[in-house]
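Presented below is the structure to which this report refers.
Quantities reported herein were computed from a predicted structural model and do not represent experimental measurements.
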Amino acid sequence: MIDGLAGLDPCVHCGFCLQSCPTYVATCDEADSPRGRIVLMQALARGDLPPSDRELTVHLNRCLGCRACESACPSGVEYGMALERTRASLARTNTLPWLGRIVLAVMADGRIRRPLLAASRLARPFARLLAGRSRLGFSMGMLAATRMPLDGKPHPDAAVATERTPINGRAGRAAIFRGCIMDDLFAHVHDATERTLLANSFTLATVEGQGCCGALHAHAGLHDEAKALARQNIQAFREQPDAAIVVDAAGCGAILKDYGNLLRGDSLESEARSMADRVKDVSEVLAACGPRSGAPLDMSVAVDPPCHLQHAQRVVDQPLTVLGAIPGLDVCTPDNADHCCGSAGVYSLLEPELSQEVLAGKLDALNALGSDVIATANPGCIMQIGAGQLRSRTRRPVVHPIELLDLSYRRAGYYSDLSDT
């Protein structure tokens, strides 16, 4: 029996999950639906299907792991955990494609990742010129989308607040989880997060020794690698036991909050659960303390919630509360806001055709809104949707929601208020 599949038992095959599943909507294949995959996982666990069965692996690999089915399920089926445990079981006999192995190895090892992504940052202007419809062109678009200024032109950021003292110290202490790709390609989002937290009375703590969260490895079934990365982060954050762990990447936040389950039976399980209790999305901590109102932004924004924020973490209203602190900002959401964009970690690399089909529906819904900017709170989603915009020569920037609050605060002059220590 595969550990973790008991959460599938409440499934009554009612079909409420079907229209919530992007891959089923795209293929109309029952085996590409949540209930179809549940049948496959249970058949594997019983021994009715071998791990080498091609249909089994094809349809389980084609799952985005977006967990929209969990939000739609009236019976409380725990699909996400079962999928990861099943993939971990399959990974013992089925080798991950070489491209996925390379990407995951690079993300886990900072000694390799940092210089490679530093070179990628230098290549962003050229990547924007090469963005297009081919597989290589889309990859270039994803890289270019890691830095798309709100006005569509390069501009200098406000200097990162080197001061660690907030305007008043009432909100408490916070330590930002920096991760891997966020730290190396989206450092400007971390900078915006730091500034907005300081402007809302948080004191910031620095945590050395942290690294990749392990989400991509867990989703791919590489649980031993994910656990090793989790242990590294647990050891790093134990140095700041009184600080909230603030995350500005939805995928990272989801697995950090689930470290207790990931390390179930491990010597660090208790500490993992204690750490998970401190993890908060940046929208959660800002919504809880206000947030402070900024200067007006006369623009419209289409907010596309990341799957691992709304379905895995069940954080839905807080990002809208944060954007509500910006006067004049017109906020809207697409009709398929509960559907995945097709990014899903390394999914867009390993399942490019289906990923693009899923993305097409998302882009149609977003572009129908005609907003000035698109906002989503996960790096993979920013890259996927941003590449789609560049491919169609649409100059609508895709940003993290915290960048909009940061721009509003910058225009309000709040950062000049931050006092030096």
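Put simply, the side chain of Val303 reaches to within 4.5 Å of the side chain of Leu323, judged on heavy atoms. For the pair Cys213/Phe177, a side-chain contact is recorded, criterion being any heavy-atom separation below 4.5 Å from C-beta on. Proximity of Asp32 to Arg37: side-chain heavy atoms (C-beta onward) are separated by under 4.5 Å at one or more points. Contact of the Ile402 side chain with the Leu286 side chain is registered, since non-hydrogen atoms from C-beta on lie closer than 4.5 Å. Between Val399 and Ile374, the closest side-chain pair of non-hydrogen atoms is not below 4.5 Å. Side-chain contact between Arg147 and Arg128: absent, with no pair of heavy atoms (C-beta onward) separated by less than 4.5 Å. Within the 4.5 Å cutoff, side-chain heavy atoms of Leu44 are placed close to those of Leu56. Side-chain contact between Cys11 and Ser75 is absent, with no heavy atoms from C-beta onward closer than 4.5 Å.
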Original post:
Between Gln210 and Arg178, is a side chain to side chain donor-acceptor pair (under 3.5 Å) present by the stated rule, with each step listed?
Top reply: CA-CA 8 Å; Gln210 58 173 301; Arg178 304 198 69 88; over 6 Å; no
Subject >> Arg396/Asp372 under salt bridge (charged side-chain N to carboxylate O under 4.0 Å, His left out): CA gap, chis, key distance, verdict >> reply: CA-CA 6 Å; Arg396 184 178 296 112; Asp372 299 312; over 6 Å; no
Original post:
Can you list the steps and then say if His190 with Glu194 is a side chain to side chain donor-acceptor pair (under 3.5 Å)?
Top reply: CA-CA 6 Å; His190 284 333; Glu194 286 195 5; over 6 Å; no
**OP:** Apply side chain to side chain donor-acceptor pair (under 3.5 Å) to the pair Asp48 and Gln42, showing each step before the final yes or no.
**Re:** CA-CA 9 Å; Asp48 295 342; Gln42 291 174 330; over 6 Å; no
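The main-chain N or O of Arg135 is found under 3.5 Å from a side-chain atom of Ser139 such that the two form a donor-acceptor pair. Here the side chain of Ser33 pairs no donor or acceptor atom with the backbone of Tyr24 at under 3.5 angstrom. The closest donor-acceptor contact from the side chain of Gln313 to the backbone of Gln310 lies at 3.5 Å or more, if one exists at all. Side-chain N or O atoms of Asp258 include none that pairs as donor or acceptor with a backbone N or O of Ala254 at under 3.5 Å. One N or O on the side chain of Ser371 and one on the backbone of Val373 form a donor-acceptor pair closer than 3.5 Å. A donor-acceptor pair under 3.5 Å is formed between the side chain of Asn94 and the backbone N or O of Pro51. Using modelled atom types, no side-chain atom of His308 and backbone atom of Gly253 make a donor-acceptor pair closer than 3.5 Å. A donor-acceptor contact shorter than 3.5 Å links the side chain of Asn200 to the backbone of Thr196. No donor-acceptor pair under 3.5 Å is formed between the side chain of Glu208 and the backbone N or O of Ala236. Ser20 contributes no side-chain N or O that, together with a main-chain N or O of Ala72, makes up a donor-acceptor pair within less than 3.5 Å.
Within the structure, no pair that satisfies the side chain to side chain donor-acceptor pair (under 3.5 Å) test touches residues 321-339, not counting sequence neighbours. Legend: side chain to side chain donor-acceptor pair (under 3.5 Å) pairs involving residues 224-235, not counting sequence neighbours, sorted by first then second residue: Arg231-Asp266, Asn233-Tyr259. For the side chain to side chain donor-acceptor pair (under 3.5 Å) condition, the pairs that include at least one residue of residues 104-121, sequence neighbours left out, are Asp109-Arg111, Arg113-Asp184. The side chain to side chain donor-acceptor pair (under 3.5 Å) contacts involving residues 345-357 comprise Ser355-Gln384, Gln356-Arg391, where partners must be two or more places apart or lie in separate chains.
Listed by chain and residue number, nothing satisfies the salt bridge (charged side-chain N to carboxylate O under 4.0 Å, His left out) test with Asp281 (two or more places apart in sequence, or in another chain). With sequence neighbours excluded, no residue forms a side-chain hydrogen bond (donor to acceptor under 3.5 Å, both in side chains) with Arg411. Under the side-chain hydrogen bond (donor to acceptor under 3.5 Å, both in side chains) criterion, Glu70 pairs with Arg67, sequence neighbours left out. Scored by the ring-ring contact (aromatic ring centres under 6.0 Å, His included) test, Phe186 finds His188 as partners (sequence neighbours excluded). Residues passing the salt bridge (charged side-chain N to carboxylate O under 4.0 Å, His left out) test with Glu284 are Lys257, sequence neighbours excluded. When the salt bridge (charged side-chain N to carboxylate O under 4.0 Å, His left out) test is applied to Glu269, the partners found at least two apart in sequence or on another chain are Arg273. For the ring-ring contact (aromatic ring centres under 6.0 Å, His included) test, no residue two or more places apart in sequence or in another chain qualifies with His217. The ring-ring contact (aromatic ring centres under 6.0 Å, His included) search around His400 returns none, not counting sequence neighbours.
Rounding to the nearest 0.5 angstrom, the gap separating the CG atom in Leu329 from the OG atom in Ser408 is 8.5 Å. Residue Lys362 holds its NZ atom at 8.5 Å from SG of Cys381, rounded to the nearest 0.5 Å. Remark: Leu104 CG to Cys180 SG distance equals 9.5 Å, nearest 0.5 Å. To the nearest 0.5 Å, atoms OG (Ser71) and OH (Tyr79) are separated by 13.5 Å.
Salt-bridge annotation for Arg62 and Asp29: absent, with no side-chain N of the basic residue lying under 4.0 Å from a carboxylate O of the acidic one.
By the 6.0 Å and 45° rule, Arg292 stacks over the aromatic ring of Tyr414.
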